[in-house]
Student: 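Here it is, the structure in full.
Side chains are part of it too, since the values below use all heavy atoms of this structure and drop only hydrogens, waters and symmetry mates.
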Amino acid sequence: MPYKSLAKLFHKDPEHYEEIYQSRFHHENARHLDFAIGDAPAFFLESSELIYRLLAIERTDKEILKIAALLPDAALAQFQKRCLLDEMFLSNKMEGVHSSRRELLENLESPVRRNRFYGLVQKYVLLSQKESIPLESCQDVRRLYDELLWTEIEYEDPKDLPDGEIFRKESVSVSSEVQKEIHRGLYPEAAIREAMKKALFILNDERIEILFRIAIFHYLFGYIHPFYNGNGRMSRFISSYFLSREFSPLLAYRLSFTIKESKSTYEKAFKTCNDPRNRGDLSPFLHTFLGFVEKAASQLLEALESRLEKLRYYKKILPLLPLYQEKQMDELYAYLLQASLFTDFGISTKDLLQLLEISHSTLKKRLAPIIDSGLIELHTEGRANYYQLNLQRLDELFPPGKKPLL
């Protein structure tokens, strides 16, 4: 049965509203937090439904790790890059920040510190490397902001950069598309700092399940709204960081994608918990957030299973392709196939040279007959070429159950 928020019950069941609030607030499974939403002490119910979602996510993550272990290293790296680019692109898009996958890819493959997305890309790369990022103090949050977003915010609008000792010193509000105020962030800066200290304590409190902590902090960061710009990107990165520490990094790279699919539900969860009539009950946001993580895990597992199945199918066809028996052609075909299944637009010349450990002229020579046969799709991004097998052409040449046409 869906969890009914107190904000909704205020209208739906006014006669029992106070009684329901008291029963929830004093329930044996209520977890009380040292934080106030408006004038109401924050809490959530550690319900059986939340525990079930938690266990479901853990089970699915184990299956994801099993499938990932069966994939070739290059294929896994390519898919990880694809998910990383999608995560950054969609996180930017949700905040109305214009970026392209090409621009992000260039920052990923040829990082230049002065580029506006340099910090964003480098920090997201750390998620796959399991590197530790300190997040225990207000100064840690500001340091992360500077590394992650300063250059990009400065490019967008320098007036949006933090102007307080750590955070912003002026009042700021969040507005809807029709410019109606949805939420006003905490003010003055002293209140921001105090609230952030409490939120960080909750984030690092190991007495609370890690997924619950991630969800709670995600909400609290939005509630505090410590910066003029970049709050959404910051909270999603921090959530992804902690997800990557506990689960597969691939899952951490799917958060913005899943939220973007159900953005109205995401925003509604914030609005519900901000409502004074909800009396500090953060359970609605936890249910929504864990629902997103559960959906992300299920979609990721399905995507990996489907690609693994196709990889096994097409690998049986590769020996029938032109010059397959020639030196290293089997490896080249394998990488081109993996690029078709695990990337958006192929594997770069640079990556092929590194993987095959050959010269540019040798690679060009080996690619030529495959290109001539129409079995390669070529994409150009900037000055880089990307290659992948043309799977549609393979299906035409080798229909299932029929003799090859070559």
Student: Evaluate side chain to side chain contact (heavy atoms under 4.5 Å, CB included) for Phe79 paired with Leu71, printing each intermediate quantity in order.
Tutor: CA-CA 10 Å; Phe79 190 69; Leu71 296 173; 5.9 Å; no
Student: One pair to check against side chain to side chain contact (heavy atoms under 4.5 Å, CB included): Leu243 and Leu127. What are the steps and the verdict?
Tutor: CA-CA 9 Å; Leu243 284 171; Leu127 302 190; over 6 Å; no
Student: Would Glu189 and Arg193 satisfy salt bridge (Lys or Arg N to Asp or Glu O under 4.0 Å), going step by step from the backbone distance to the final call?
Tutor: CA-CA 6 Å; Glu189 189 185 7; Arg193 291 200 301 269; 3.6 Å; yes
Student: Looking at Glu305, I want to see if its CD is surrounded by more than 12 non-hydrogen atoms of other residues, nucleotides or ligands under 6.0 Å.
Tutor: yes
Student: I need the Met329 CE to Leu318 CG distance, nearest 0.5 Å.
Tutor: 11.0 Å
Student: Keeping the roles fixed (side chain from Ser298, backbone from Glu294), state whether a donor-acceptor pair exists under 3.5 Å.
Tutor: yes
Student: For Asp73, does the CG atom sit with more than 12 other heavy atoms under 6.0 Å from it, leaving out its own atoms?
Tutor: no
Student: Please name the pair of heavy atoms, one in Cys138 and one in Met196, separated by the smallest distance, quoted to 0.1 Å.
Tutor: SG-CB, 3.9 Å
Student: Crowded around Tyr324 OH? As in, over 12 foreign heavy atoms under 6.0 Å?
Tutor: yes
Student: Restricting to non-hydrogen atoms, name the atom on Ser256 and the atom on Met94 that form the minimum distance, rounded to 0.1 Å.
Tutor: O-SD, 4.0 Å
Student: Which of parallel (below 30°), tilted (30 to 60°) and perpendicular (above 60°) describes Phe227 and Phe221?
Tutor: tilted
Student: Does some side-chain heavy atom of Ile202 sit less than 4.5 Å from a side-chain heavy atom of Asp34?
Tutor: no
Student: Could you measure the distance from the NZ atom of Lys260 to the CG atom of Asp86? Nearest 0.5 Å is fine.
Tutor: 12.0 Å
Student: Under 6.0 Å from the NZ atom of Lys268, do we count more than 12 heavy atoms belonging to anything else shown?
Tutor: no
Student: Indicate yes or no: at least one non-hydrogen side-chain atom of Phe237 is less than 4.5 angstrom from one of Leu144.
Tutor: yes
Student: Aromatic rings His218 and Phe270: how do their planes relate, parallel, tilted or perpendicular, breaks at 30° and 60°?
Tutor: tilted
Student: How long is the span from the CD1 atom in Ile210 to the CZ atom in Arg245, to the nearest 0.5 Å?
Tutor: 9.5 Å
Student: Any chance the side chains of Tyr219 and Asn274 put a donor and an acceptor closer than 3.5 Å?
Tutor: yes
Student: Start with the C-alpha distance between Ile57 and Glu246, add both sets of side-chain angles, then the distance that settles side chain to side chain contact (heavy atoms under 4.5 Å, CB included), and finish with yes or no.
Tutor: CA-CA 11 Å; Ile57 292 165; Glu246 191 72 16; over 6 Å; no
Student: Is any side-chain heavy atom of Tyr335 closer than 4.5 Å to one of Leu356?
Tutor: yes
Student: Tell me the closest heavy-atom pair linking Ala195 and Phe35, and the distance in Å.
Tutor: O-CE1, 3.3 Å
Student: Is there a donor-acceptor pair closer than 3.5 Å between any side-chain N or O of Ser340 and the backbone N or O of Leu389?
Tutor: yes
Student: So which atom in Ala296 and which in Arg254 form the shortest heavy-atom distance, rounded to 0.1 Å?
Tutor: CB-CB, 4.0 Å
Student: Any carboxylate oxygen within less than 4.0 angstrom of a Lys/Arg side-chain nitrogen, looking at Lys81 and Asp351?
Tutor: yes
Student: Is Arg82 reaching over with its side chain to a backbone N or O of Thr343, donor-acceptor style, under 3.5 angstrom?
Tutor: yes
Student: Is it the case that atom CG in Asp39 sees more than 12 heavy atoms from other parts of the structure closer than 6.0 Å?
Tutor: no
Student: Quick one: does Ser262's side chain have a donor or acceptor within less than 3.5 Å of a partner on Ile259's backbone?
Tutor: no
Student: Here's one to test your reading of the geometry: is the NZ or CZ of Arg366 within 45 degrees of the ring axis of Tyr387 and under 6.0 Å from its centre?
Tutor: no
Student: So, Tyr314 versus Asp395: side-chain donor-acceptor pair below 3.5 Å or not?
Tutor: yes
Student: So do Thr258 and Tyr266 actually touch side chain to side chain, heavy atoms under 4.5 Å?
Tutor: no
Student: Quick one: do the Ser137 and Asp140 side chains pair a donor with an acceptor below 3.5 Å?
Tutor: yes
Student: Examine the side chains of Asp281 and Tyr21 and answer whether a donor and an acceptor come within less than 3.5 Å of each other.
Tutor: no
Student: Which heavy-atom pair separates Ser240 from Glu87 by the least distance, and what is that distance?
Tutor: OG-OE2, 3.7 Å
Student: Are the side chain of Asp205 and the backbone N or O of Arg213 linked by a donor-acceptor pair below 3.5 Å?
Tutor: no
Student: Look only at the side chain of Ser23 and the backbone of Ile20, and say whether a donor-acceptor pair between them is shorter than 3.5 Å.
Tutor: yes
Student: Heavy-atom count check: over 12 atoms from other residues, nucleotides or ligands less than 6.0 Å from Tyr313 OH?
Tutor: yes
Student: I'd like to know if the side chain of His32 reaches the main chain of Phe25, judged simply by a donor and an acceptor atom lying under 3.5 Å from each other, with no hydrogens or angles considered.
Tutor: yes
Student: Does Tyr228 offer a backbone N or O that forms a donor-acceptor pair with the side chain of Asp160 under 3.5 Å?
Tutor: no
Student: Just checking, any donor-acceptor pair under 3.5 angstrom between side chains of His11 and Arg277?
Tutor: yes
Student: So do the side chains of Leu367 and Leu332 get within less than 4.5 Å of each other, counting heavy atoms only?
Tutor: yes
Student: Is the shortest side-chain heavy-atom distance between Gln388 and Ile376 below 4.5 Å?
Tutor: no
Student: Using the side-chain contact (heavy atoms from CB on, under 4.5 Å) rule, pick out the option among Tyr253, Tyr124, Phe117 that qualifies with Met88.
Tutor: Tyr124
Student: Between atom CG of Leu120 and atom OG of Ser91, what is the distance when rounded to the nearest 0.5 Å?
Tutor: 7.0 Å
Student: Checking the side chain of His225 only, and the main-chain atoms of Arg184 only, is there a donor and an acceptor separated by less than 3.5 Å?
Tutor: no
Student: Take the angle between the ring planes of Trp150 and Tyr145 and call it parallel below 30°, perpendicular above 60°, tilted in between.
Tutor: perpendicular
Student: Rounded to the nearest 0.5 Å, what's the gap from CD1 on Ile216 to CG on Leu203? Could you check?
Tutor: 9.5 Å
Student: Do Asp275 and Lys271 sit within salt-bridge range, that is, some charged N less than 4.0 Å from a carboxylate O?
Tutor: no
Student: Looking only at heavy atoms, which two atoms of Leu290 and Leu211 are closest? And how far apart?
Tutor: CD1-O, 3.9 Å
Student: Quick check for you: to the nearest 0.5 Å, what is the distance between Asn390 atom CG and Leu375 atom CG?
Tutor: 7.0 Å
Student: How about Leu308 and Leu341: do any of their side-chain heavy atoms sit closer than 4.5 Å?
Tutor: no
Student: Using a 4.5 Å cut-off on heavy atoms from C-beta on, say whether the side chain of Cys273 contacts that of Ile37.
Tutor: no
Student: Determine, for Glu156 against Arg116, whether the closest basic-nitrogen to carboxylate-oxygen distance falls under 4.0 angstrom.
Tutor: no
Student: Counting only N and O atoms by type, is there a donor-acceptor contact under 3.5 Å from the side chain of Ser306 to the main-chain atoms of Glu302?
Tutor: no
Student: For Phe217 and Leu135, run side chain to side chain contact (heavy atoms under 4.5 Å, CB included): C-alpha distance rounded to whole Å, both residues' side-chain angles, the deciding distance at 0.1 Å, then the answer.
Tutor: CA-CA 12 Å; Phe217 186 81; Leu135 276 169; over 6 Å; no
